[in-house]
Amino acid sequence: MLVARDLLGKRLVRVLDDGTRLAGIIVEVEAYRGVPDAASHAFGGRRTPRNEVMYGPAGVAYVYFTYGMHHCMNVVCGRVGDPLAVLIRALEPTEGLGKMRELRSAGAGGPGPGSRRPGTGHRADTKLCSGPGKLCQALAIGRSLNGASLLGDSPLLIESSRGRPIVDELILTTPRIGIGYAGDWTARPLRWCIRGNPHVSGPRAGRV
DNA sequence: ATGACGATTTACT
DNA sequence: GTAAATCGTCATA
């Protein structure tokens, strides 16, 4: 929770094998509160090969594949045995935009219908990383990074922001997206985004 | 072995 | 607004 809030404004950096740096400011996150949270992959203490890293030490990535075509990335943040995580839902891209566009328009492993059609490569920069699946595609984040450390010298890491701190007035809190099955937990305000930031996911992009 | 279902994105009506 | 794309994962048997 506190971790989720504090992640806003920090920088997510991806260093590709060839040394290319891709990065963006985190502008939207969601907290998944583990065992009691009906929306969490670890609800009720469920522990499987997929979510195993959630039970490990904090500071690593939990990357999973869903809907047969998208990856999502979380920051594991609980103590060992407590499967807490924060889903990164959107970035404001700052470095490597060209490469991101290339990755996002790549056909292989690409998005849904229409992607096979030629000539649909152009996308607005505000849509480059404006969703959990989109940012993983733009930063080439796949299951090979599941369990990878996000600290220090790593192909995927989080840096403290050198810019202005994100004050509370800039933060919008809402229910989480895409978890209508979670009963009482569906409506809980566990999503944080930077108010009005155009890179936030959804048609209204952080405006309310 | 099998079947149901996504912490989504996109295109189309 | 609705629907399609697409497959790994998990529960059930």
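Letters A, B, ... are given to chains in the order of the sequence lines, protein chains preceding strands, and every chain is numbered from 1. Just so you know, these numbers use all the heavy atoms, side chains as well, and skip hydrogens, waters and symmetry mates. Nothing here was measured: the structure is a model prediction, and the numbers come from that model.
Residue contacts for A:G133: at a heavy-atom cut-off of 4.0 Å it reaches the sugar-phosphate backbone alone, with no base atom in range. No engagement by A:R176 is indicated, since no non-hydrogen atom pair under 4.0 Å with the nucleic acid exists. Across all strands shown, A:L87 has heavy atoms under 4.0 Å from base atoms, whether or not it also approaches the sugar-phosphate. Nucleic acid contact for A:R191: none, since no nucleic acid atom lies under 4.0 Å from a heavy atom of the residue.
Atom OG of A:S130 sits about 10.0 Å away from atom CG of A:N197, to the nearest 0.5 Å.
Of all the heavy atoms in A:A23 and A:M100, the pair that sits closest is O-CE, 3.4 Å. Taking all atoms of both residues into account, the shortest heavy-atom contact from A:L84 to A:G34 is CD2-N, 4.0 Å.
Across the protein-nucleic acid pair, A:H70 atom NE2 and C:dT9 atom P stand 16 Å apart, rounded to whole Å. Residue A:M73 contributes atom CE, which lies 16 Å from atom P of B:dT8 at whole-angstrom precision. Computed from coordinates, the A:I88 CD1 to B:dT8 C1' distance equals 17 Å when rounded to whole Å. Taking atom CG on A:N146 and atom P on B:dA7, their separation rounds to 15 Å, with Å as the unit. Between A:R89 atom CZ and B:dT9 atom C1' the separation is 11 Å, expressed in whole Å. Rounded to whole angstrom, the span from the CG atom of A:L128 across to the P atom of B:dT10 amounts to 10 Å. If you measure from atom NE2 of A:H71 to atom C1' of B:dT9, you get 14 Å, rounded to the nearest angstrom. For the pair A:I179 CD1 and B:dT8 P, the computed distance is 9 Å after rounding to whole Å.
Two rings, from A:H41 and A:Y64, have their centers less than 6.0 Å apart.
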**Message:** Give the dot-bracket line for DNA chain B from 5' end to 3' end: parentheses for intra-strand Watson-Crick or G-U pairs under 3.5 Å, square brackets for crossings, | for inter-strand pairing, dots for unpaired.
**Reply:** ||||||.|||||.
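Using a cut-off of 4.0 Å between Lys/Arg side-chain N and Asp/Glu carboxylate O, A:R176 and A:E30 are scored as not salt-bridged.
Distance from the side chain of A:Y67 is smallest for B:dG6 among the nucleotides B:dA7, B:dG6, B:dT10. For A:F65, counting side-chain heavy atoms from C-beta on, the closest listed nucleotide (C:dG8, B:dT10, C:dA5) is C:dG8. Distance from the side chain of A:Y181 is smallest for B:dA7 among the nucleotides C:dT9, B:dA7, B:dT8. Closest to the side chain of A:M69, from the set C:dA5, B:dG6, B:dT8, is C:dA5.
Considering only side-chain N and O atoms, A:R104 lies under 4.0 angstrom from the phosphate OP1 or OP2 of B:dT10. Contact check, A:K134 against B:dT10: a side-chain N or O comes under 4.0 Å of OP1 or OP2.
A:T126 contributes no side-chain N or O that, together with a main-chain N or O of A:P198, makes up a donor-acceptor pair within less than 3.5 Å.
Non-hydrogen atoms lying under 4.0 Å from DNA chain C are contributed by A:R46, A:T48, A:P49, A:R50, all within residues 39-60 of chain A.
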**Asked** Can you list the steps and then say if A:R191 with A:T173 is a side-chain hydrogen bond (donor to acceptor under 3.5 Å, both in side chains)?
**Response** CA-CA 6 Å; A:R191 171 178 178 251; A:T173 307; over 6 Å; no
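Cation-pi geometry between A:R79 and A:Y55 is not satisfied (NZ or CZ under 6.0 Å from the ring centre, within 45° of the ring normal).
Listed by chain and residue number, A:K99 satisfy the side chain to side chain donor-acceptor pair (under 3.5 Å) test with A:E102 (two or more places apart in sequence, or in another chain).
The shortest distance between side-chain heavy atoms of A:L91 and A:I25 does not fall below 4.5 Å.
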